[in-house]
2 protein chains.
Amino acid sequence: MSMTALAGDERLPLYQRLAEVLRRDVMEGVRRPGDRMPSETALSAEYGLAPGTVRQALSALVDDGLLERFHGRGTFVRRPSFDRSLFRFFRFRDASGEWRIPESRILKRSVEPAPSHIARQLRIKDGEPAISMSRLRLLNEAPVLAEEIWLPKARFGAFLDLSESAIGPLLYPVYDAQCGQLVARAEETLTAEPASRETARLLRIDTGAPVIVIDRLAKGFDDTPLEWRRSKGRADQFHYHTEIR
Amino acid sequence: MSMTALAGDERLPLYQRLAEVLRRDVMEGVRRPGDRMPSETALSAEYGLAPGTVRQALSALVDDGLLERFHGRGTFVRRPSFDRSLFRFFRFRDASGEWRIPESRILKRSVEPAPSHIARQLRIKDGEPAISMSRLRLLNEAPVLAEEIWLPKARFGAFLDLSESAIGPLLYPVYDAQCGQLVARAEETLTAEPASRETARLLRIDTGAPVIVIDRLAKGFDDTPLEWRRSKGRADQFHYHTEIR
DNA sequence: CAGTGGTCTAGACCACGAG
DNA sequence: TCGTGGTCTAGACCACTGT
């Protein structure tokens, strides 16, 4: 077993330098979500560090949400999950009161020159080709969310070839499998506004009734913007809850 | 320096048992916000633990938001601050674009029997006396928030004797100084609804226009509910932003 | 059982803040 | 300069998981 020297700024603490090396491995796809990391013993031998120092580096990445630890099993690259999304505060239950993923009906899918506000978000040139999509999400035939989605065509060209039946309600696994684009995290913005005539028709509510608007910009491990979407749902179905200190 | 035995369940790790002992000190008011904790060296001597173990206990409480560490100065009981409140997402700026605390105008202050939904939140008996207050918050004479506040009279009796001019826009310091009630944390719930006629009049918007509604239940260190409030503001001034993974 | 992470010890030395 | 927390070492032993 040969020893590897730690790269990085020599003024930084060793555990931070190790953390950066491991973070880069994940960001560059050398280690993929679900992969097991080398054990703490292996890493301390590899880099010539005390076990406690290696532990500190791994802890930093766990706090950061990049890794997950399981006692007795190992340390793994975390599979991004969007359990923390604002969408979980919509009261979407079926008749039996259980949480379910709403079905998806694609209303429109086309290639358009990206409007400037979309291009800015996706960090592409104004007017560059983008895939535009409208979806309606339904629970037991009842519409619950109206969505508008934009993707840069350069990365998601393969998405256009898919039949609607091949695209389920969850898009991120499709992005990964069909386009090789892995979503690592996202930024969400929430506001409320009166329903336009069009939105009211889709959601079957009164024009002007309050709707919750959630904008989401999804990004890859390397911070590239991958998808922008705007979703609208009935405000009376939304209750966000949080604890503050 | 006598050594103190660690109380608590002997099956738990030492660092957790130490953390619980220190947490209790804060919850019972033995150590108050702003107080400096004993140094790590002092604690390890006091309880006969290795410095690393003491460190782990303190780290747990720092992660928990109970303590704050300052390199070279010490470890302190954190002063609760409500920087993380949902209210920070209201775009409240004055003419120069600076963030400011809105002034407060008290519209009503009285003692009422607690309605049942308030009593349940404050964990007091249905109909027990409670202080009820309506406030309007303004920025440059413009109304920005309409608030309804409820306090259990048993704890906040002294609050009734204060003149309005003695109450500023920030209530929690008043609760502490005048009533001996320290707010440690709070739960907030956000939704949106159409403005009632009354709310519309107060906020000077159209009836039915969307308003953001934030309910807050403030609690003491010992988890006692202290204050319930409902605040309403214009939805078009509200943009919540968050990152998810 | 072997291998993983979790807890704990008993130090050393460094970096920062205040007087 | 002194006391604080921050980094790091080099182990020991425990608890959990999978085979």
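Here is how names work: the chains are called A, B, and so on, in the same order as the sequence lines, proteins then strands, and each is numbered from 1. Since the model is a prediction, treat every value here as computed from it, not as a measurement.
- Look at CG on A:Leu43: it is 11 Å from P on C:dT4, rounded to the nearest Å.
- At the heavy-atom level, B:Thr75 lies under 4.0 Å from the strands shown only through sugar-phosphate atoms.
- The side-chain contact (heavy atoms from CB on, under 4.5 Å) search around A:Ser59 returns A:Arg69, not counting sequence neighbours.
- In this model, the phosphate group of C:dG3 is not approached by any side-chain N or O of A:Ser39 to a distance below 4.0 Å at OP1 or OP2.
- Taking the six-membered ring where the residue is Trp, A:Tyr175 and A:Tyr172 present tilted rings, their angle falling between 30° and 60°.
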(message) Strictly under 4.0 angstrom, non-hydrogen atoms only: write out the protein contact profile of nucleotides 7-19 of chain D, one letter per nucleotide from the 5' end, B, S or -.
(response) BSB-----BBSS-

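- Between the side chains of B:Gln237 and B:Arg91, no donor-acceptor pair of N or O atoms lies under 3.5 Å.
- With respect to the salt-bridge test (charged N to carboxylate O, under 4.0 angstrom), the residues A:Asp176 and A:Arg32 qualify.
- Between A:Phe92 and A:Phe87, the ring centre distance reaches or exceeds 6.0 Å.
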